[in-house]
Each structure stands twice: as C-alpha cells, then as structure tokens.
2 protein chains.
Amino acid sequence: MGRAQAFDTDRVVRAALGVFWRSGYEAASVPALEEATGLNRSSIYHAFGSKRGLFDAAVQTYLDDVVRPRLRPLLADPVAPDAVVEYFTGLRDALARTGEIQADSGCLLVNTSGAPIARDEAVRRTVADYRAELRAALGRGVDARFPARDHAERDRLAELCTSLVVSAFALVRVDPDSAVGSLDSALVLLEA
Amino acid sequence: MGRAQAFDTDRVVRAALGVFWRSGYEAASVPALEEATGLNRSSIYHAFGSKRGLFDAAVQTYLDDVVRPRLRPLLADPVAPDAVVEYFTGLRDALARTGEIQADSGCLLVNTSGAPIARDEAVRRTVADYRAELRAALGRGVDARFPARDHAERDRLAELCTSLVVSAFALVRVDPDSAVGSLDSALVLLEA
DNA sequence: GCGGTTCTGAAACGATCGGTCCACAATCTA
DNA sequence: TAGATTGTGGACCGATCGTTTCAGAACCGC
C-alpha cells in the first residue's frame, strides 16, 4: 500500500464543476482546473484519467448535487399539489440572484447541448436523458397539481413547462429578465 | 489604387458563419476558418481585423440571411392570420432535417448565449436584442392570429411561443424529437 | 515603365493547449 | 530499515492557438 490521496474527491469535482459550468468544456483549460481544484495536473490525470474524465465526473455531480435536489419534491410519493409551483418559484429565485452561478451560467447541460462536446454520443445521451428526467418530474408535478384535468391536457402542460425551464436556462446569461419571464409564464399556467 | 480584393466578402462571411454556427466562437479555429473560407489568415485579418471581427460579421449575416427572412411574414402590414403558424411549421421542417445545419446546430445566437463569448457586452446585447426581435415578431403573428383575444392573453401566448422556439433551438442537437415536440406544442396553442 | 498602394501568402511569433515523464514524498509491510 | 507501492509536483512534450511580419503579386495613375 502506498501514499494516500491527499484531497477530497467530491470537493475537487465540485470545484471543477464550477469551471466547466462557467466556461463550457472546450474553453475550460487545465490550468484553470488546476487553480480551481488546487491540484497539480498530475494528480488530476492520475485520479480522472483526462480532462474529459473530470468533465464526466463534474456532470455527474451536477446531476446529483444541483439538478436532483431541486427535482426531489416532484418525485415524492405522493407528490404535493404545490410541488411544481414551488419548483418554479425556487428556480425563479435562483435565476434572479445576480452574480450567482445559476444566474450567470444557467444550466450546465443546456449550455453543453449547444457546444461541440455534445456531438460525443455519451454526452449527447446524458443531456437528452436529463431533459427526459426533467420532463418526467414536471409531469408528476403537473399531475399532482391538476388531477382532474384529462391526461392529454396535463401532458401538454408538462411539455410546455419543460420548454419554459429550458428556455430560461438557455438565455439567463444574456437576458435575465426574459429568463425570469419564462418561469413566470409557467407559474401563470400553473395557477389553480 | 492598389490590388483589388480577390474574394467575395459575403461568400467568405457565409462560409465563416458555418464554422461559428457548428463549433461556437471559442472552438472555431483560425485554420478551420481558413479552410472554410478558402482565404489565407493574412487576408482574413486584413479584411476583418481579428477572429472576433469575422465573428461579428458572421453574426450579422446570420441575422440578415437566416433569422430575418424567416420572420419577414410576421413583419408584414397587415400580418396574415396564418403567418405565425407558417413560421412554426417552417421552423419545424428545418429542425427535422437531419444532417442540415439547423438540425445539427439549432440557433447560432441561442448557442452563443451559453458560451463564454456571451459575457462580452456587445455580444450579450446582440443576443438579448435578437430575443426581443423574435418576441416582437411572434407577438405580431399572435395578434394577427387571435385579434379577438384580449391583449394580456395574446401577450402570454407570444411569450410562450418565444420560449418554445428558444427551447427547440437549445436542445435540437441532442434531442431532435423533443425540439420538434416543442414546436408542435406551439402549433397546438396556435390552433384556432 | 516606374512609383505608390493594396492584397495575398508563407513563415514566424509568443503564448497556451492537453497530456506525459520522472523524481521525490508518503505510506505500509516484512 | 529497506523495499514496494501509490500519490504529488515540476518540467517537459509536441501540437495548436490567434496574431503579426515581410516579401511578392497585382493593380492604377502619371
């Protein structure tokens, strides 16, 4: 048995996530990743294999620590009728906080969709799966909110809500008011 | 008077647009721009000043040659009642064409929103203005489609439609079916 | 035909890229 | 205490980056 790893993997991946989220995969440089994580590149390569390996770990942390906690109330059994409204209200608050990473950079996965790395099949699949996961969760929230409406109408509402979230994430960096406006539109649709 | 320029500026800018649209500003390399335009880097720098100067020209061409022709029927006076439905139908067709640039890369400006270059104030402004222009045009289309509905309702519908377009553009690379689904959602909302 | 001006292209510049190498440090076991 | 193993860090690798330089080409006016 040799030397023990001197860093906390989760903390390193979270630091790297910040770099990928703000800069995108392509523009995130190894020196920037070194600086954010506090590790030398040898340690990064030893632990993650490559810049892409670190990116994959960062994406997983993004899903586990950013996306899924926000979606959790929509996956409860039963889902509370207000869960979907709270989801949008919470997201709206997050995107309205100037200077914070969600207001500056929206969604790592939505941004990644428009980047060259999204042509990699594994990355493409991950982003598409995320969209499906978001859609399913919002679908549950809408079902809980409007149990009396017919299935087709609830389905359409869930699709609309999903698109409103994606749109807000896509444009928040350049037009925060419009992004918040998209979420407000969803909240109007979700009024009882 | 010296030597005449040997290339057609519009053709060069359109070729460069293809590179920026598929790769994004950051990942578009000068060699790739040379290859696509057929020009040597000296000529590119002589004509456009910098890579960023060429990008600015490409964005302008994107607005003039891609965005505005599609929006033109929504800016007519009067706007035809079906103009907005035709806008969505046409866009849906374009995003469904596998292999073509809109199906592969969506919208240059929406993709740019999530990229580091969007932090440049001029670029940020350009993308935000584009969103406003799209919104205004769709607003006109919705007003023409539903003149009898009250203003607040037409306003909401225009916001929804704008978000559905943005969402479709944002995700088309990774999930074309969902992108087309967003546009179908808009078409449902626009049924008389 | 020559001078002046502008355009083009090959080469080079300094910087940075992602990744590897190798020596040293830190650990455990015998 | 020495050997084996694993982690760390500084230096280096070959390649590529965006941009500039400078010589030659192509034009026009006198």
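Every chain is numbered from 1, with letters handed out A, B, ... down the list of sequences.
Rounded to an integer number of Å, the gap from B/Lys51 NZ to C/dT16 C1' is 13 Å. Nucleotide C/dT16 holds its P atom 14 Å from the CD atom of A/Glu34, rounded to whole Å. Straight-line distance from the CZ atom of A/Phe55 to the C1' atom of C/dG18: 16 Å, rounded to whole Å. Residue B/Phe48 contributes atom CZ, which lies 14 Å from atom C1' of C/dT8 at whole-angstrom precision. For A/Leu39 and C/dG18, the CG to C1' distance is 16 Å, given to the nearest whole Å. In this structure, A/Asn40 atom CG and C/dA25 atom P are separated by 15 Å, rounded to whole Å. C/dG3 atom P lies 20 Å from atom CZ of B/Arg3, rounded to whole Å. The separation between A/Leu33 atom CG and C/dT16 atom C1' is 14 Å, rounded to whole Å.
Side-chain polar atoms of B/Ser105 and B/Arg173 form a donor-acceptor pair below 3.5 angstrom. Judged purely by distance below 3.5 Å, without hydrogens or angles, the side chains of B/Ser163 and A/Ser182 pair a donor atom with an acceptor atom. For the residue pair A/Gln5/A/Thr9, the side-chain donor-acceptor check at 3.5 Å is satisfied.
Residue order along DNA chain D, read from the 5' end via each residue's closest nucleotide, puts B/Ala27 first among B/Ala4 and B/Ala27.
Under 4.0 angstrom from either OP1 or OP2 of D/dG9 there lies no side-chain N or O belonging to A/Ser42.
Counting distance only, with no hydrogens placed and no angle test, the side-chain atoms of A/Arg41 and the base atoms of C/dG19 include a donor-acceptor pair under 3.5 Å.
Among the nucleotides D/dT8, C/dG18, C/dT8, the one closest to the side chain of B/Ala6 is C/dT8. Proximity note for B/Ser29 (side chain, C-beta onward) versus C/dT20, C/dG9, D/dG18: the nearest is D/dG18. Listed candidates were C/dG19, C/dT8, C/dC17. Nearest to the side chain of A/Tyr45 is C/dG19.
In this pair, B/Tyr25 and B/Phe20 present their aromatic rings parallel. The plane angle is below 30°, not in the 30 to 60° band.
Within the nucleic acid shown, B/Ala32 has no heavy atom closer than 4.0 Å to any nucleic acid atom.
Heavy atoms only, all atoms of each residue included: A/Phe169 and A/Leu95 are closest at CE2-CD2, 4.2 Å.
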